[in-house]
Protein chains: 2
Amino acid sequence: MPNKRVTLADVARRAGLSTAAASMILNGRTDTRLSAEAHARVNDAAAELGYRPNVAARGLRTRKTLTIGFISDVVATTRFASGLIQGALDAARKAGHVLLVLETGGDPARESEAIAAVLDRQVDGIIFGVMRARELFVPDIPQATNVVMLNASNKKHPVSVLPDELSGGRAAVALLADAGHRNGIALIGHNEEVEKNLFRSATVGQRIAGIRAEMAERGLRFAAEESCWDWEPHHGYDVTRALLKDRGDIRALLCMNDRLAFGAYQALADHGLSVPHDVSVVSFDNDELASYLRPGLTTVALPHEAMGRSSVELLLDHDRRPGHHLIPMPVIERGSILPPAG
Amino acid sequence: MPNKRVTLADVARRAGLSTAAASMILNGRTDTRLSAEAHARVNDAAAELGYRPNVAARGLRTRKTLTIGFISDVVATTRFASGLIQGALDAARKAGHVLLVLETGGDPARESEAIAAVLDRQVDGIIFGVMRARELFVPDIPQATNVVMLNASNKKHPVSVLPDELSGGRAAVALLADAGHRNGIALIGHNEEVEKNLFRSATVGQRIAGIRAEMAERGLRFAAEESCWDWEPHHGYDVTRALLKDRGDIRALLCMNDRLAFGAYQALADHGLSVPHDVSVVSFDNDELASYLRPGLTTVALPHEAMGRSSVELLLDHDRRPGHHLIPMPVIERGSILPPAG
DNA sequence: ACCGCTTGCTAAACCCTTTTAGCAAGGCCA
DNA sequence: TGGCCTTGCTAAAAGGGTTTAGCAAGCGGT
């Protein structure tokens, strides 16, 4: 309500001390020799006046603004990865920091703009997030700047947070195999382009690698591999529909993501096949969609929230080590897997 | 790359002038009497050194930080309303501003914390956003602070941005009526509690009011009104399933939101009814879900992006007027409405 | 009486920018 | 020659905090 903000000078005046004394006391410095009496007077004055330090002014001197720049292509505003920002916001809050969120839409000009905008505001560090994990190009940044890559990697900025897709891929296979599936497993959404093109998505390569490694170790082979260019529901629908037309032996679908699985559900229903009694389905991401389906879709989750949290913690961790910090992908069991019938 | 940031003093030195001169020239002041020669020297120096002003230091003097606090319950991190933040981010960027995004989860303690955090950073104004439009309680804020309520309203802060639900409700009815539906229209998701309890959701009341007004004006009546407590897919499923068991005359479903409609689709499929040939469906929100369904769901969209944009524009508009700024809800036509069969 | 140490505190510089007040030099007029 | 007005610029304060250097007083020891 009061219109004028309380300043440190106000506190010092009321305590009958200098601003220097007030500053040191409020910052809890122990190397200060100020009397217990002085401590009490300053603390009381600050409390009575409701003093709050001006972070900008303090930052001018200390070069710490308790503010982190969070620059992403489309993370904040798409549902796919909003967990990233949620985790980051929460971790930042717990550390007394705040996030300056900017979006670039992936446009290099806007990326440069965004970097300039956060540097102009003296942020303590920058997190670069992307929706689909990939190698991200980043315009030049002053060397002293702390940078963490979130769901991305970059040679110049070696600290990155990524999902542990290799283990995740293995886990998906394990779910089917442990339920007893050995034959009639189809892979939906494998895409050779993606598998090879590391730039587009480094981690999807790992996902597939994990799948293939686990299949091999268990002595299993896919009955079919349906590839498609993109991973939207209608792709899953089309591909699954075509598959079912040809083959009567399909007992399980391993879908590369939940949106494909969503389309696959529709195609299975069209064919009069029931999930999970006729066909089991497992996929990846734990998209919100997965919980809407009936039966609920069992999926290997992208740990977005944990990743976002880690990115902030790493940024603030003074002696963090470079490298890829892999976050485990938890298995979310719902109702889409059953042992094969008959 | 250079490790030390270029300051105004550097620019002034290189131009052979005082920082005062440099400051005035770079700020484009016209009341200054500085020579054309001086202008050229300063501008050149700034360009050569790549000078960027320190926003925090400037803000200390000018009390403008080009930064807006965006405080929400769960807006940024849920898919439902992420358009709000997307629009706000974009409008802010275009105005040379930046958003400090904080989330409170609706917890009053965290709301107070969040307000303190942004005020400590001297933001130019605060936008309070909520996921479900409602009357929002806001802890005390210094009077001089600019505040805009986004998807919410509040007596103490009279500038708010809301969807035009009254017109939206009318539009949904008009879609069915214009397609020829007069009988067998069921309302799915009406909820008396919500309809009356303005605190929980002021705008849903408007949505229903619009629906009822348009029905009345066209001389139509609902064949059934199924209410449910919440609006998740399984509620839509349960309610629709129960409805179809009793009644064979249902030709159209007006669902209060897309998630209900999603559940209704599943129930219709269970009953062997086809959308839109047997039953037309229309709903609200334009959730991403709506485009995934087959056939695509015709819906009256929540204009989240436009709302977010407006909130920033209003905040920065120096002579904005108090009151509710209503943003039109566009009709998104997909394939879920057809004239009634037979 | 003088030296040196400790204790408890403050003055002043500093961070970077904006803004106010005013100086110095030149021209014009009387 | 003096007074006044422009012109073109700068010194310095201000904004709110942190930090360094150092002052003053009190005390113990010689």
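Within the model, atoms CZ of R5(A) and OG1 of T7(A) stand 10.0 Å from one another, a figure rounded to the nearest 0.5 Å. Taken from CZ in R110(A) to CG in L102(A), the straight-line distance is 10.0 Å, to the nearest 0.5 Å. For the atom pair CG of L302(B) and CD1 of I327(B), the computed distance is 12.0 Å after rounding to the nearest 0.5 Å. Residue L162(A) holds its CG atom at 11.5 Å from OG of S311(A), rounded to the nearest 0.5 Å.
Checking V42(B), L34(B), V11(B) one by one against L17(B), the side-chain contact (heavy atoms from CB on, under 4.5 Å) holds for a single residue, V42(B). Paired with F70(A) under the rule side-chain contact (heavy atoms from CB on, under 4.5 Å), one option of V148(A), V118(A), L150(A) passes, and it is L150(A).
Rounded to an integer number of Å, the gap from D31(B) CG to dT20(C) C1' is 12 Å. One interatomic measurement links the two molecules: CG of D120(A) to C1' of dT17(C), which rounds to 13 Å at whole-angstrom precision. Residue L60(A) contributes atom CG, which lies 12 Å from atom P of dT18(C) at whole-angstrom precision.
At a cut-off of 3.5 Å, with distance as the only test, no side-chain donor of T104(A) or D73(A) sits close to an acceptor on the other residue. Between the side chains of R320(B) and N146(B), at least one donor-acceptor pair of N or O atoms lies under 3.5 Å. A donor and an acceptor atom, one from each side chain of R121(A) and T67(A), are nowhere located under 3.5 Å apart.
For residues 42-55 of chain B, the salt bridge (charged side-chain N to carboxylate O under 4.0 Å, His left out) pairs, not counting sequence neighbours, are D120(A)-R52(B), R14(B)-E48(B).
No donor-acceptor pair under 3.5 Å is formed between the side chain of N151(A) and the backbone N or O of G129(A).
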Run the side-chain donor-acceptor check on residues 88-96 of chain B: report pairs under 3.5 Å with partners two or more places apart or on a different chain.
unit_1, atom_1, unit_2, atom_2, d
D90(B), OD1, R93(B), NH2, 2.8
D90(B), OD2, K94(B), NZ, 3.0
D90(B), OD2, R309(B), NH1, 3.0

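Scanning atom types as modelled, no donor and acceptor separated by under 3.5 angstrom connect the side chain of R61(B) and the base of dT17(C).
Both R33(A) and R63(B) lie close to DNA chain D; mapped to their nearest nucleotides by heavy-atom distance, the more 5′-ward contact belongs to R63(B).
If you check residues 48-59 of chain B against DNA chain D, the residues with a heavy atom closer than 4.0 Å are A57(B), listed by number. At a non-hydrogen distance threshold of 4.0 Å, L17(B), S18(B), A20(B), A21(B) from residues 17-28 of chain B come into contact with DNA chain D. At a non-hydrogen distance threshold of 4.0 Å, T7(A), L8(A) from residues 6-15 of chain A come into contact with DNA chain D.
Read 5' to 3', the first and last nucleotides of DNA chain D with an atom closer than 4.0 Å to a heavy atom of chain B are dT7(D) to dG16(D).
Using a cut-off of 4.0 Å between Lys/Arg side-chain N and Asp/Glu carboxylate O, D124(B) and R63(B) are scored as not salt-bridged.
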